[in-house]
Amino acid sequence: MTPSTLSNVRVRFAPSPTGYLHIGGVRTALFNWLFARHHNGKFILRVDDTDQARNVSEALQPIMDGFKWLGIDWDEGPDINGPHAPYYQSQRSDLYTEAVNKLLEKGLAYKDYSKPEEFAAERQAAEKEKRQFIYSRTWMAEDDAQSAQFEAEGRDFIVRLKMPREGKCEFHDMIRGDMSFEWAGEQDHVIQRKDGSCLYHLTSVVDDGAFEISHVIRAIEHLPNTPRQIFIGQSLGLDIPEYAHLPFVAEPGSSNKLSKRKLDKYLKNRDFKVLYDHGEQIATQIGFSASPETFNPVIVDFYREIGFLPDAIVNYLLLLGWSLDDHTEDFTREAMIRDFSLDRINKAPASFDPQKLTSFQSRYMWRLTLDEKLEMVLPYMEKAGMIETPASDDTQSRVKAILEAANERISLAGDILAYKEFFLADDKIEYEEKPFRKRLVNADAQRGLLIKFRRKLPEIEDFSAQNMDIILHDFVEQEGVGMGMIVHAIRVALTGKAVGFGLFDIMSILGKASCINRIDRALKLVAQQQ
RNA sequence: GGCGCGUUCGUCUAGUGGUCUAGGACGCUGGCCUCUCACGCCGGUAACAGGGGUUCGACUCCCCUACGCGCUACCA
């Protein structure tokens, strides 16, 4: 499919205002967005708020913010409107009522005066006999006279679709091919409640028609709903859109659908655990600006909070159910818009893999320039109280030096918080117990070397990494020992840690005075322990 | 129960009847590099759900079974 074969592409994503943006929803929205952009069409956001009465804007904001952060923009929708406003379903009820009336007039829907118990009894009887349930339409009123009669009995009505009971509904799915469903398998679905409010199938079809939606790209769970929606659309005389049903996103290591109702469970999921713990460590240091309920690896806020790059997430999600070929994995926005096509979407569910997402994130992070990294990292350090706000030039250059030295060790912006020892006063360093004992307390020879090395420091003028490299190598050569004999002791004395980036970088960033102070203090603490 | 969708390494996937002793990526793993960690480099592990057809030939087409998922709501 090339842009020239399709014109006037209009697609939509219809989130309900839940207060957070779910990762599966992002993927569906992304595919819609990509399809629209590829065909120079429009991507529309419609708010599915028929249920929620209040706080819609509050619950919608995080969703719109999430999309904006991810760089998924819409051409028509709540905050910007467009030719078919309003974009809130709660504000379009007149249209739905009108549609219901039209259906009623045409005899393609009917008022049903059954009481819920009566209807349920019929259904249960069918279930008991293990036969398919087909409503008897006993309480169906097809004209005013019948209605009056039922109403005289004190009955209320709801509106049901008068579904065909023979023949087939056939349609083409752009991902799955030709579909065929028996009409007999369909129920007389309710489209309007007793209180006049309308149900999803009706509202969705009416709005798709009103918005002139050309392609409905949505999750597979809607596939069996399609016949009844086509029925509604045809009954209303609307153009039927093309359909494309996406495979769902499954939980890590499982074929269960990733659900927004199982947030708590996911915190315990084995594959999510590592990511979550990593994130939590960062979030606790900056004081959780995301709400705890949305701090969850199935929600976009989580990733934003701890310093993921939107491009990494989008690139990862793109490949969850879609591929270009057998080797291309990195896509710029331009490339994905250019290359995206519905016919390369997979049919099978794809399970969400936090590890692979993380590997995309790392790659994207590493590609950033020093200044870009600085920009990302500074807010985290400020929020954690590690540096002053705004950061002085001195601080910024120290952070840059750390960024350069740490290099690939930083995958998320929040990872910078692991280097707080460079911003602590020399007498505030905390020593990790095990390496402190192993490299200093219980290592007489190493400690001896450290003391010797310490004595040389005051004479050194040039504390650059290059020079410290030369000096230390000379030192071990003179002593006739390997680097391993002294390096660990110095590192522990300077940073309190067993692991970290290159020692020469550490010394250079810290500078002469700090190095001396920290070694002296470590040595003093060792003496106290002996 | 009925209807529908799906099933290639642990995971994401390539594969559209012969190029497949099934390719790539993430993960895991052995080694190298090395001041630790990370990066990088070289190597390894591991899959066509099962059974019948069709065909000279099937991962690719058809059927059945199994398993998974969904719809069957006055949810979306």
Side-chain angles (χ1 to χ4, degrees), chain A residues 14-16 18 48-51 89 112 114 116 119-120 123 126-133 156 158-160 173 175-176 179-182 184-187 189-195 197-201 203-204 218-228 245 247-248 250 252-257 260 271 316 319-330 344 346-360 362-363 366 406-411 435 439 469 472-473 476 482-492 495 497-504 506:
Chain A
S16 18
T18 51
D48 238 327
D49 60 345
T50 45
D51 266 359
Q89 290 201 315
D112 178 38
S114 68
F119 189 83
R123 194 213 310 276
E127 273 168 22
K128 208 167 167 185
E129 292 166 37
K130 295 201 188 256
R131 62 175 161 80
Q132 208 216 323
F133 167 59
D156 298 312
I158 55 175
V159 178
R160 287 183 188 278
D173 184 283
I175 295 173
R176 278 147 227 284
M179 295 289 121
S180 173
F181 290 81
E182 297 283 344
E186 286 287 323
Q187 299 298 330
H189 301 281
V190 178
I191 51 174
Q192 187 178 42
R193 297 186 182 94
K194 192 164 70 178
D195 66 4
S197 63
C198 292
L199 269 2
Y200 168 74
H201 294 302
T203 61
S204 173
R218 50 157 43 161
I220 183 76
E221 63 249 41
H222 291 287
L223 181 60
N225 295 335
T226 307
R228 74 198 65 148
H245 288 95
F248 62 80
S254 138
S255 55
N256 295 323
K257 187 185 157 210
K260 48 185 152 191
D271 296 291
Y316 170 71
L319 264 11
L320 208 53
W322 180 87
S323 68
L324 176 65
D325 52 33
D326 63 344
H327 64 279
T328 314
E329 289 219 316
D330 284 353
R344 287 205 60 86
N346 245 14
K347 292 186 177 74
S351 86
F352 183 82
D353 182 358
Q355 282 184 315
K356 188 137 187 175
L357 204 209
T358 304
S359 92
F360 270 97
S362 297
R363 265 187 284 162
W366 298 341
N407 210 265
E408 288 93 354
R409 273 158 277 239
I410 292 182
S411 286
R439 301 300 187 185
D469 189 341
L472 205 65
H473 274 94
V476 294
M483 278 295 259
M485 281 301 285
I486 180 135
V487 153
H488 304 294
I490 302 178
R491 168 176 282 109
V492 175
T495 67
K497 294 174 180 173
V499 300
F501 47 77
L503 182 62
F504 311 129
I506 292 174

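Order of the sequence lines sets the chain letters (A, B, ...), proteins ahead of strands, with each chain counted from 1. What you see is a predicted model, and the numbers here were worked out from it, not measured in a lab.
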### Message
Side chains of A:S197 and A:R193: any donor to acceptor distance under 3.5 Å?
### Response
yes

### Task
Name all residues meeting the ring pair (Phe, Tyr, Trp, His ring centres under 6.0 Å) criterion together with A:H222; count only those two or more places apart in sequence or in a different chain, and write none if there are none.
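In terms of ring pair (Phe, Tyr, Trp, His ring centres under 6.0 Å), with neighbours along the sequence ignored, A:H222 is linked to A:Y200.
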
[atom1] atoms of [N] and [M], separation to the nearest Å:
N: B:C61; M: B:G24; atom1: C1'; value: 27 Å
N: B:C9; M: B:G50; atom1: P; value: 10 Å
N: B:G6; M: B:C63; atom1: P; value: 12 Å
N: B:U21; M: B:C39; atom1: C1'; value: 35 Å
N: B:U19; M: B:U7; atom1: C1'; value: 26 Å

### Message
Using the salt bridge (Lys or Arg N to Asp or Glu O under 4.0 Å) criterion, which residues pair with A:D330? Sequence neighbours excluded.
### Response
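Only A:R363, A:R367 meet the salt bridge (Lys or Arg N to Asp or Glu O under 4.0 Å) criterion with A:D330.
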
With a cut-off of less than 4.0 Å, is there a side-chain N or O of [X] near OP1 or OP2 of [N]?
X: A:R439; N: B:U36; value: no
X: A:N225; N: B:A76; value: no
X: A:R193; N: B:C75; value: yes
X: A:R131; N: B:C3; value: no
X: A:S255; N: B:U7; value: no
X: A:N346; N: B:C12; value: no

Atom pair distance, as rounded to whole Å: [atom1] in [X] and [atom2] in [N]:
X: A:F352; N: B:C69; atom1: CZ; atom2: C1'; result: 19 Å
X: A:D353; N: B:G10; atom1: CG; atom2: C1'; result: 9 Å
X: A:Y316; N: B:U11; atom1: OH; atom2: P; result: 12 Å
X: A:R176; N: B:C5; atom1: CZ; atom2: P; result: 9 Å
X: A:L319; N: B:C12; atom1: CG; atom2: C1'; result: 7 Å
X: A:F248; N: B:C71; atom1: CZ; atom2: C1'; result: 13 Å
X: A:E221; N: B:A76; atom1: CD; atom2: P; result: 14 Å
X: A:F181; N: B:C5; atom1: CZ; atom2: C1'; result: 8 Å

Tabulate protein N/O versus nucleotide N/O from nucleotides 39-42 of chain B, keeping only pairs under 3.5 Å, one per line.
unit_1, atom_1, unit_2, atom_2, d
B:C39, O2', A:E408, OE2, 3.1

At under 4.0 Å between heavy atoms, what does [X] touch on the DNA or RNA strands: base, sugar-phosphate, or nothing?
X: A:A498; answer: base
X: A:R123; answer: sugar-phosphate
X: A:P252; answer: nothing
X: A:N256; answer: sugar-phosphate
X: A:H245; answer: nothing
X: A:G500; answer: base

Enumerate all atom pairs, one protein N or O and one N or O from nucleotides 31-35 of chain B, separated by less than 3.5 Å.
unit_1, atom_1, unit_2, atom_2, d
B:C35, O2', A:H488, NE2, 3.4
B:C35, O2, A:R491, NH1, 3.4
B:C35, O2, A:R491, NH2, 3.4
B:C35, N3, A:L503, N, 3.3

### Task
Once you apply the 3.5 Å cut-off to both distances, tell me the Watson-Crick or G-U wobble partner of B:G10, or none.
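Result: B:C26.
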
### Task
Just name whichever nucleotide pairs with B:U36, Watson-Crick or G-U, keeping both distances under 3.5 Å, else none.
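B:U36 is unpaired by these criteria.
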
### Query
Taking the inter-plane angle between the rings of A:H473 and A:F504 on a 0 to 90° scale, is it parallel (under 30°), tilted (30 to 60°) or perpendicular (over 60°)?
tilted

### Query
Shortest non-hydrogen contact from A:G482 to A:V476?
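Looks like O-CG1, 4.0 Å.
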
### Task
List in chain and number order the residues that pass side-chain hydrogen bond (donor to acceptor under 3.5 Å, both in side chains) with A:D271, two or more places apart in sequence or in another chain; answer none if no residue qualifies.
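Once residues adjacent in sequence are excluded, A:D271 has no partner under the side-chain hydrogen bond (donor to acceptor under 3.5 Å, both in side chains) criterion.
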
Only pairs under 3.5 Å count here: list side-chain donor-acceptor contacts from residues 349-360 of chain A, not counting sequence neighbours, and write none if there are none.
unit_1, atom_1, unit_2, atom_2, d
A:D353, OD1, A:Q355, N, 3.0
A:K356, NZ, A:E329, OE2, 3.1
A:T358, OG1, A:P354, O, 2.7
A:S359, OG, A:K356, O, 3.1

